[in-house]
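Below is one structure, written out as structure tokens, with a few remarks after it.
Each residue takes its place number in the sequence, starting with 1.
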Amino acid sequence: MMHTTVGWHVEMEFMEDDQHTRAAALVRLPDGTEVRAHGHASRHTIDANQPRVGEEIAGARALNELAMQLLAKAHGEIDAESGRISHPINV
């Protein structure tokens, strides 16, 4: 049987104009640290103005960066605990 011991909440904010969407992602971890990341999307001038699509692209890029930072954090913690250099954690 699995038990949930922690939960993470990711916050996303978007800033948009007619051509660009910027996303900011934040996760607060149980150890008190915060990890922040950003993503960006640009609309080509011939494309229809669809803010939702820009949000999805910019948000996905921000979450991808967030994931990479979390992997790097975990890798550093593994090395610190083990006292050796471990293999990189890849997606």
Side-chain angles (χ1 to χ4, degrees):
M1 178 189 302
M2 294 185 62
H3 298 280
T4 301
T5 57
V6 300
W8 292 2
H9 295 276
V10 177
E11 295 178 23
M12 297 285 297
E13 289 184 357
F14 298 95
M15 295 160 282
E16 299 175 272
D17 61 31
D18 288 342
Q19 298 293 320
H20 304 94
T21 303
R22 289 175 178 78
L26 165 71
V27 63
R28 289 182 184 92
L29 300 175
D31 67 3
T33 61
E34 292 182 348
V35 182
R36 298 172 186 266
H38 297 89
H40 181 263
S42 296
R43 180 177 67 86
H44 192 280
T45 54
I46 64 171
D47 291 338
N49 189 4
Q50 296 179 292
R52 180 184 49 79
V53 173
E55 290 169 4
E56 290 170 353
I57 293 169
R61 289 176 173 161
L63 291 170
N64 185 58
E65 182 184 328
L66 190 68
M68 298 309 292
Q69 289 182 34
L70 288 168
L71 285 170
K73 182 180 183 305
H75 183 67
E77 291 172 0
I78 290 168
D79 287 354
E81 180 68 26
S82 68
R84 62 180 173 79
I85 305 293
S86 59
H87 294 285
I89 300 170
N90 296 312
V91 182

Of all pairs that satisfy ring-ring contact (aromatic ring centres under 6.0 Å, His included), the ones with a partner from residues 29-67, not counting sequence neighbours
His20-His40
Flag the pair Glu56 / Arg52 as yes when at least one side-chain heavy-atom distance between them is below 4.5 Å, and no otherwise.
yes
Kindly check if the number of other-residue, nucleotide or ligand heavy atoms within 6.0 Å of CD (Glu34) is above 12?
yes
If you define the side chain from C-beta out and look only at heavy atoms, does anything of Glu16 sit under 4.5 Å from Glu55?
yes
Whether Thr33 side chain and Leu29 backbone form a donor-acceptor pair below 3.5 Å
no
Among the clusters formed by ILVMFWY side chains lying less than 4.5 Å apart, do Met12 and Met15 turn up in the same one?
no
Taking it one step at a time, do Arg36 and Gln69 satisfy side-chain contact (heavy atoms from CB on, under 4.5 Å)?
CA-CA 9 Å; Arg36 298 172 186 266; Gln69 289 182 34; 5.7 Å; no
Partner residues of Gln50 under the side chain to side chain contact (heavy atoms under 4.5 Å, CB included) criterion, sequence neighbours left out:
Ala48, Val53
Let me check something: do Val10 and Met68 share a hydrophobic cluster, defined by ILVMFWY side-chain heavy atoms less than 4.5 Å apart, either directly or through other members?
no
Indicate the atoms forming the closest heavy-atom contact of Leu66 with Ala37, along with that distance.
N-CB, 3.5 Å
Heavy atoms only: give me the nearest Gln19-Thr45 pair and the separation to one decimal.
OE1-CG2, 4.0 Å
From Arg61 atom CZ to Glu65 atom CD, the distance as rounded to the nearest 0.5 Å
12.0 Å
Please report the interatomic distance CD1(Ile46) to CZ(Arg43), rounded to the nearest 0.5 Å.
10.5 Å
Listed by chain and number, what are the side chain to side chain donor-acceptor pair (under 3.5 Å) partners of Glu77, not counting sequence neighbours?
Lys73
Locate the shortest heavy-atom distance separating Ala62 from Ala25; write the atom from each residue and the value.
CB-CB, 4.1 Å
Are Leu70 and Leu26 connected into the same hydrophobic cluster when the rule is that any two of I, L, V, M, F, W, Y join if their side-chain heavy atoms are below 4.5 Å apart?
no
Joint cluster assignment, Leu63 & Ile57, ILVMFWY side-chain distance < 4.5 Å
no
